[in-house]
Amino acid sequence: MQQVGSDEVAGRRDGVGGSGRSEGPDPFPWDELTPVDEPSRHRAFWWLGAGLVVLGTPWWQPPALAGRLVFGLPFWVVCSLACAAGLACLISFASLRWWSDGEPGRAPEHAAEGAMSDEAPRGGEAGR
Amino acid sequence: MNVGVGSDQLALGTPALLVLGVYLLLMLALGFLGRIRRQNDSLRDFYLAGEGFGFAVLFLTLFATQYSGNTLLGFAGRSYQQGLSYVVSVTFMIAVVGVLIVYAPRLYRLARRYQYITPTDFVFHRFGSHQLRLGAVVLLCWGLANYVLEQLVAMGHAVEAISGGRLSFMQGVLLLALVMLIYESLGGMRSVAWTDTVQGGLLLAGCAVILFALVRMDGGLVAATERIAEVEAFKLERPDGAGLRLWMSQLVLLGIGVAIYPHAIQRVFSARRLGVLRASLAVMAFMPLLTTLLAFLLGYVGSSRFPGLDRLESDRITLLVLADLAQRSPWTYWLVILVLCAVVAAIMSTADSALLSIASMFTRDVYQPYLQPRLGLRTTGRHLLAVGKIVSWSLMAVLILLAWVSLRTESSIWLLIRLKLEFMVQLAPCLLLGLYWRRLHGRAVFWGMVAGSGFTLAVWLGVMAGLWQSRSPFEVSAGVWGLLLNALVAVTWSWLRPREASVERRADASSLEGVADGALPGSRTR
């Protein structure tokens with residue numbers, strides 16, 4: 001197990017108060033960064049999450065419907081709370097099913113289902 | 001935040017003080033237990049409890065840390081002032097967990113492999129820039145110190161309210177701060193997490209019961225809505241254009257800002273294994289539907305029972321509603337005592353975690369790399385822990401003094417102590433983009449952070465100087481404008497840098513073998 005120290009890593013790039021200029025190879029372990037699966041690789045996570053946030057924002061309900069009381073609260077508030085509950089379900093599901101690091105009992109091939117890329121994370125590609 | 005309430009409004013008598021006393025003794029006992037159970041005198045063991053948290057402890061410590069006194073007192077006040085549009089608070093607290101599961105999979109992996117102790121360990125590992133590390137520490141510590149100060153003020157008011165004025169504001173602050181410092185110094189993260197477990201349990205029970213009572217009593221929400229429609233109908237209205245901008249601004253600022261609280265990140269590092277972390281976050285996603293929803297409804301129902309309060313008075317709405325409930329029956333009296341203990345627990349659990357986080361960042365990211373070598377002192381785990389504890393106690397002394405002074409002076413300078421999240425959110429590009437985008441460069445991130453924080457500060461100073469009225473231009477928080485500027489600078493600068501340099505650097509990328517082995521004497525190396 002390695003440990004990120006203090007001065008040693010610093011010495012490879014810039015000095016105290018330095019410019020931050022790169023002078024050597026980038027030793028950041030990019031290859032070790034990505035787990036077997038993670039929520040951010042699943043399109044459904046982003047689309048469903050964004051959809052629930054947009055639907056939960058009270059801009060779309062017609063005025064007559066928005067003011068109607070449901071459980072003692074205006075319909076638009078209940079809509080917002082329902083979307084928040086949906087978002088919680090999505091996050092909970094993503095945390096349990098779309099996040100894996102090859103632990104025992106979790107099949108790595110699950111990572112490929114619905115993933116944006118099987119080769120590399122989205123962000124990793126962006127930098128290439 | 002002013003959450004005080006007159007002793008005549010919430011005199012709960014001796015039983016409340018006894019319950020508070022038992023609770024504080026339990027906290028001290030857990031502190032001693034944490035001390036006994038320590039494995040060694042290393043920073044990892046003290047600040048991350050040896051990465052040994054199981055599901056129950058990790059979940060409850062995450063829960064207790066995320067929900068502060070501000071949630072139950074401040075959010076209710078905002079709900080009172082803003083009306084139903086503050087229902088966005090439930091969404092942004094859920095979004096916090098959403099942001100966490102975007103970056104935690106990568107950060108947790110790195111933290112286990114490279115034994116991170118603080119979030120700035122990642123910043124330095126990723127970018128290798130001293131400027132950036134120190135800039136990040138300054139922003140985070142500023143935000144966290146203000147956060148602790150806010151909790152201290154809330155502590156004073158809460159104890160004053162529980163004791164019905166028999167304990168003064170300052171006696172309350174000193175009592176709770178002392179208990180907190182003792183258990184934190186004894187067992188570090190282990191004690192803090194165990195006390196958080198009790199505090200989180202109290203908070204869960206208190207919120208569940210009071211939510212039930214609010215929905216059932218006095219005709220419930222239907223009656224509350226009818227009363228509000230008669231007196232303050234604007235609070236029922238759907239947000240218009242400006243209201244929607246404020247909605248999105250709050251969603252971004254709090255959804256991202258709270259997700260990168262350093263003490264929350266350190267709890268991610270503390271998970272015993274990935275399964276525990278995943279399960280804890282999966283449950284955490286639902287907690288706003290209990291806790292934040294309760295605060296929202298407290299403010300809403302409060303505005304039906306106590307209409308017409310001004311801004312300062314409305315910050316006390318939770319206590320006013322509780323005082324009203326306490327007078328109804330012996331059952332509701334004990335219920336209110338439970339909830340007030342939960343409020344104190346929420347305040348203490350957040351303050352102790354923030355304080356521990358500040359001490360760890362100062363020790364790990366300032367003292368160890370910069371001050372200790374210049375002072376020529378021998379670095380041992382015990383020595384570093386002593387430094388952290390001295391920082392905790394000294395900072396707490398300063399903050400208690402500031403809490404005392406803030407009560408006696410009316411100055412616009414106090415506006416600056418509310419500048420917390422707006423600063424901390426400026427770390428978002430560094431952390432979120434830094435984990436996903438290889439081309440992101442340290443200098444670009446640093447100057448982006450400077451631009452974002454500088455812009456936010458300028459807007460706030462302008463309000464203090466009377467140059468303009470609002471800290472939210474076009475109903476969007478200055479912190480969000482700052483974050484946009486920050487991200488723009490960081491991305492554009494990194495994008496425009498010669499591509500060859502970064503490609504060459506990546507091609508030659510080497511491992512960190514030998515880079516940092518044994519950097520922390522006394523720490524556990526696996």
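Letters A, B, ... mirror the listed sequences (proteins, then strands); counts begin at 1. Values in this document were obtained by computation on a predicted structure and should not be read as measured data.
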Chain A contact via [X] - which portion, at a heavy-atom distance below 4.5 Å:
| X | answer |
| --- | --- |
| B:A104 | both |
| B:E226 | neither |
| B:L251 | side chain |
| B:F446 | neither |

Using side-chain heavy atoms (C-beta onward) and a distance below 4.5 Å, is [X] in contact with [Y]?
| X | Y | answer |
| --- | --- | --- |
| A:P35 | B:Y108 | no |
| A:P58 | B:L244 | yes |
| A:W98 | B:I101 | no |
| A:P29 | B:H125 | yes |
| B:T225 | A:F71 | no |

Inter-residue atom distance [X].[atom1] - [Y].[atom2], 0.5 Å rounding:
| X | Y | atom1 | atom2 | result |
| --- | --- | --- | --- | --- |
| B:R113 | A:E32 | CZ | CD | 4.5 Å |
| A:W30 | B:R106 | CH2 | CZ | 7.5 Å |
| A:L33 | B:L435 | CG | CG | 6.0 Å |

Self-check item: B:L274 and A:W99: CA distance, side-chain angles, deciding distance, side chain to side chain contact (heavy atoms under 4.5 Å, CB included) verdict
Solution: CA-CA 9 Å; B:L274 182 60; A:W99 181 357; 3.3 Å; yes
Quiz item: What are the residues of residues 86-94 of chain B, in order of number, with any heavy atom under 4.5 angstrom from a heavy atom of chain A?
Solution: B:V87, B:V90, B:T91, B:I94
Self-check item: Toward chain A: residues of residues 286-294 of chain B with heavy atoms under 4.5 Å
Solution: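 B:F286, B:L289, B:L293 fall under the 4.5 Å cut-off.
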Exercise. Just jot down the salt bridge (Lys or Arg N to Asp or Glu O under 4.0 Å) partners of B:R109, sequence neighbours excluded, or say none.
Key: A:D101
Practice problem: Applying salt bridge (Lys or Arg N to Asp or Glu O under 4.0 Å), name anything that partners B:R245, two or more places apart in sequence or on another chain. | Solution: B:E475
Do you know the tightest heavy-atom contact between [X] and [Y]?
| X | Y | value |
| --- | --- | --- |
| B:P105 | A:P39 | CG-CD, 4.0 Å |
| B:A279 | A:L96 | CA-CD2, 4.0 Å |
| A:E38 | B:Y436 | OE1-OH, 3.4 Å |

Quiz item: Picking from A:V53, A:L81, A:L90, which has the most non-hydrogen pairs under 4.5 angstrom with chain B?
Solution: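 Highest number of pairs under 4.5 Å: A:L81.
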Quiz prompt | Working for side chain to side chain contact (heavy atoms under 4.5 Å, CB included), residues A:W76 and B:L236 | solution = CA-CA 10 Å; A:W76 68 267; B:L236 304 178; over 6 Å; no
